[in-house]
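Step one of this worksheet: look at the structure below.
All figures in this text were calculated on a predicted structure; none of them were measured in a lab. We count ligands from 1, going down the list as the structure has it; atoms in each ligand are counted the same way.
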Amino acid sequence: MAGLGVSCEASFVGELSPMGFTTKQIHAGVSPDPVTGSILTPVYQTTTFVQESVDEYLSKGYSYSRSANPTVRALEKKLSSLEGGFDCTCYSTGMAAIQAVIQASLSGGEHAVVSDVAYGGTYRLCTKIYQRFGVEFTFSDTSDPDAVSAAIKDNTRLILTETPANPNLKCTDIAAISEISRSRGITHAVDNTFLTPFYQRPLELGADIVIHSTTKYFDGHNATVGGAVITKSQDLDEPIRFIQNASGVIMSPWVAWLTLQGCKTLSIRLERQSANAQVIAEFLESHPKVSTVNYPGLASFSQFELASRQAEGFGAMLGFEVHGGVEAGKKLIGALRLCALAENLGSVETLITHPVTMTHADVDKAERDRVGITDSFLRLSVGLEDVEDLIADLSQALDCI
Ligand SMILES: *Cc1c(COP(=O)(O)O)cnc(C)c1O
């Protein structure tokens, strides 16, 4: 390549900076395969990696696919870049990602403060598993910084917040809680599944760790389950990476590859899905058969100001209740033709969920009542379909109740 100056040689485009989010979601973490030129990172479906010699063990960076795999590493680098983190570790599911954070942060006899409205599996993991190992949890209204301060004890090591929270979109002020955690030497981890770094970047707001169920918006196509933890520094990353390898709850190369493809359209999907959600939230709010609508982009949302301040968009998740309670809600679900009754969220298909019998069935009824997850609450994950078709479907179903 005589005559080519250094500046013209192919470089790892993921290292160019600064880049816009949409460029990064396509290029960060990946570069053409050095052997074949394949533009897509190959699925490195292999258990082990042959070493040059005992002395040069790990000279290519890989030993065994539980410890690290090149396809999974490409996704980890991409997600870390999108959140603005130090590095990322990926897992078999979002729950496994939350477990890695709990295991790295807490030992028996220590305490965590957790958002009282959160994904039902988070509550189940804390109360049904880690409490048995002597870890203590306080489920606190993290939308109120004073309540978080009051819940902190001498043995508190972790504050785990989720915002906007599953299922009713309650928001937590990430900067305010991060200030509290920093002043007390506590780690603040934020489950950022609902908004993704396209709309909300907790590390920039002062948080230490970001958690994702990649099952949701990063995949975006209802194809996989997976999770990720993004850390802001090496000292936080190392213990979590140790757990990823030691506990073995890793993401597979195939899931990483599918998620890499999903990431490339994240911003475009989320923008359109959020625009759809705004139209649907306004339609539902004005409908006589609908009693309440929770959507952070509505001026009537109790935390509209916070949602506007800490995120660049309102997302595509909303909750609502119809007059007539549980029975009317069931009728509505039964009458829908385009919106599917299914768990999961963030996909291109619009999905409706009844949290009390589905995603949040393992949250004690008393706790659900306390935090306002009512029996008649419905959660809608707005997809990428034409919004007129979604409105027509909801409208005809509302006419049936
Ligand atoms: C779905 C979800 C999880 C759990 O993720 P899985 O991939 O289903 O294990 C965690 N947090 C939030 C906010 C979720 O929506």
Less than 3.5 Å apart, N/O on ligand 1 and N/O on the protein: could you list those pairs with the distances?
residue: ligand 1; atom: 5 (O); partner: S213; partner atom: OG; Å: 3.0
residue: ligand 1; atom: 7 (O); partner: G94; partner atom: N; Å: 2.8
residue: ligand 1; atom: 7 (O); partner: S213; partner atom: OG; Å: 2.8
residue: ligand 1; atom: 7 (O); partner: T215; partner atom: OG1; Å: 2.7
residue: ligand 1; atom: 9 (O); partner: G94; partner atom: N; Å: 3.0
residue: ligand 1; atom: 9 (O); partner: M95; partner atom: N; Å: 2.9
residue: ligand 1; atom: 11 (N); partner: D191; partner atom: OD2; Å: 2.7
residue: ligand 1; atom: 15 (O); partner: N166; partner atom: ND2; Å: 3.2
residue: ligand 1; atom: 15 (O); partner: K216; partner atom: NZ; Å: 2.8

Aromatic ring pairing Y123/F139, orientation class (parallel under 30°, perpendicular over 60°, tilted between): tilted
Audit row: H212, E83, side chain to side chain donor-acceptor pair (under 3.5 Å) steps and yes/no: CA-CA 11 Å; H212 279 283; E83 284 285 5; 2.6 Å; yes
Check: R241 side chain, C88 main-chain N or O, donor-acceptor pair, under 3.5 Å: yes
Side chain D219, main chain G262, donor-acceptor under 3.5 Å: no
Ring-face cation of K60 near Y44 (centre distance under 6.0 Å, axis angle within 45°): no
Proximity of F304 and F314 rings by center, below 6.0 Å: yes
